[in-house]
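The next block holds one structure in the form of structure tokens; read it before the comments.
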Amino acid sequence: MTFGNAITSSHRKSASRTWEGCRDRHVWKFNWTSALAEVGRQDTASAIAPLRAIVGDSEDGSKPRLLIHAFSGGGSSSLYHRYDLYQPAILPLHVTIFDSTPGVWTWSFASNLFSAGLRPGLIKSLVATPLGYLVAVLSWLFIKVLAVVPDGQRTWAAAHNDPTKNRGACRTYSYSDVDKMAAPGTIEAHANDAIAKGFDVVKREIFEGTAHVAHARADPDRYWCVVVETSKKSSGSLVGLIESQATRR
């Protein structure tokens, strides 16, 4: 899969990371895997120059200039790397929408990694589900038992609540009460920690019965009203940044 960086212009500038040849309907069909941290870092690096060209390094007073929409673990990873790659400057003051993220590594997360979003059928039963359990076993061995592989999910989540790395003006969490990859309790705990560390949490929007990163598809009016409400916490023009790593299906 080849990723591209597109910068388009309409009534609001948009800098988005997506995949070549994608269509609108593909945006909501995510299945992300965090194989190697360095791969994610290299992929994120290609979007730094276009972003810096638009928003620069300096701050325009105290107004956020960037709207970040982070989807799933891929978005959490990309945003984490963006903090580092933007140095020596700090990522400009921004508004963040966390969709089905950030999470932490769990057995449920790993075992559902390859089957999330797939409809019941032979592919899911005979391929995706067994592969997911294999990944879960290997992950448990290398992350929890041998501790030779870092828990990337936890590292990324911690960075989002670190005021020395993240100068977020405000944020909203959109998540599901039945998500097996990003458990609602995990996201709520992250929101509580963010508040304790001085971050402004505008909303915790929990959707009932929706699948991983499928809230906008299930209830688009409600979903985008939350995005607009959060973005209104800033004033002036915002540059939109979509954080995701996706594969087409």
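Here the structure is a predicted model, which means the values were calculated and not measured.
Atom SG of Cys170 sits about 10.0 Å away from atom CD of Glu229, to the nearest 0.5 Å. Rounded to the nearest 0.5 Å, atoms CD1 (Ile206) and OG (Ser174) are 10.5 Å apart. For the atom pair OH (Tyr80) and CG (Leu85), the distance works out to 10.0 Å, reported to the nearest 0.5 Å. Interatomic distance, Ser176 OG to Ile187 CD1, rounded to the nearest 0.5 Å: 9.0 Å. Here the straight-line distance linking atom CG of Asn161 with atom CZ of Phe199 works out to 5.5 Å at 0.5 Å rounding. Atoms CG and OG1, on Asp200 and Thr172 in that order, are 8.5 Å from each other to the nearest 0.5 Å.
Minimum interatomic distance between Thr101 and Ser72 (heavy atoms only, all atoms of both residues): OG1-O, 3.1 Å. Nearest heavy atoms, His69 versus Val227: CE1-CG2, 3.8 Å. For Pro184 against Asp177, the heavy-atom pair with the smallest separation is CG-O, 3.9 Å. Across every non-hydrogen atom of Pro50 and Ala47, the tightest pair is CD-O, 3.4 Å. Of all the heavy atoms in Ser100 and Ala182, the pair that sits closest is O-CB, 3.4 Å. Heavy atoms only, all atoms of each residue included: Val201 and Ala194 are closest at CG2-CB, 4.2 Å.
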Between Asp179 and His212, is a side-chain hydrogen bond (donor to acceptor under 3.5 Å, both in side chains) present by the stated rule, with each step listed?
CA-CA 6 Å; Asp179 195 338; His212 191 64; 2.6 Å; yes

Side chain to side chain contact (heavy atoms under 4.5 Å, CB included) between Ile68 and Ile97, worked out
CA-CA 6 Å; Ile68 298 175; Ile97 308 293; over 6 Å; no

Residues Leu91, Leu51; criterion side chain to side chain contact (heavy atoms under 4.5 Å, CB included); working and verdict
CA-CA 10 Å; Leu91 194 65; Leu51 178 61; 4.0 Å; yes

Evaluation steps, side chain to side chain contact (heavy atoms under 4.5 Å, CB included), between Leu93 and Leu66
CA-CA 7 Å; Leu93 195 63; Leu66 189 62; over 6 Å; no

Carefully, step by step, assess Tyr83 and His81 under the rule ring pair (Phe, Tyr, Trp, His ring centres under 6.0 Å).
CA-CA 5 Å; Tyr83 299 145; His81 289 303; 9.8 Å; no

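Side-chain contact check for Trp156 versus Pro102: every heavy-atom pair is 4.5 Å or farther apart. Looking only at side-chain heavy atoms (C-beta outward), Arg204 and Asn192 come within less than 4.5 Å of each other. For the pair Tyr86/Ile48, a side-chain contact is recorded, criterion being any heavy-atom separation below 4.5 Å from C-beta on. In this structure, the side chains of Tyr175 and Phe98 stay at 4.5 Å or more apart for every pair of heavy atoms. Proximity of His160 to Ser76: side-chain heavy atoms (C-beta onward) are separated by under 4.5 Å at one or more points.
Residues Val145 and Val104 do not share a hydrophobic cluster, defined by chaining ILVMFWY side chains whose heavy atoms lie under 4.5 Å apart. Clustering ILVMFWY residues whenever any of their side-chain heavy atoms sit less than 4.5 angstrom apart, transitively, puts Val148 in the very cluster that holds Leu138. Val213 is not connected to Val178 by any chain of hydrophobic side-chain contacts under 4.5 Å among Ile, Leu, Val, Met, Phe, Trp and Tyr, and they are in different clusters. Hydrophobic clustering of Ile, Leu, Val, Met, Phe, Trp and Tyr side chains at less than 4.5 Å, counting indirect connections, unites Phe207 with Trp224. No chain of hydrophobic side-chain contacts below 4.5 Å, direct or via other Ile, Leu, Val, Met, Phe, Trp or Tyr residues, connects Phe71 to Val228.
Side-chain polar atoms of His215 and Thr210 form a donor-acceptor pair below 3.5 angstrom. Side-chain contact, Asn166 with Arg82: no donor N or O sits under 3.5 Å from an acceptor N or O.
For His190, the ring pair (Phe, Tyr, Trp, His ring centres under 6.0 Å) partners at least two apart in sequence or on another chain are Tyr173.
Within the 3.5 Å criterion, the main-chain N or O of Val226 finds a donor-acceptor partner in the side chain of Thr230. A donor-acceptor contact shorter than 3.5 Å is absent between the side chain of Arg171 and the backbone of Val95. For the pair Thr155 (side chain) and Asp151 (backbone), a donor-acceptor distance under 3.5 Å is present.
Environment of CD in Gln87: crowded, with over 12 heavy atoms of neighbouring residues, nucleotides or ligands closer than 6.0 Å.
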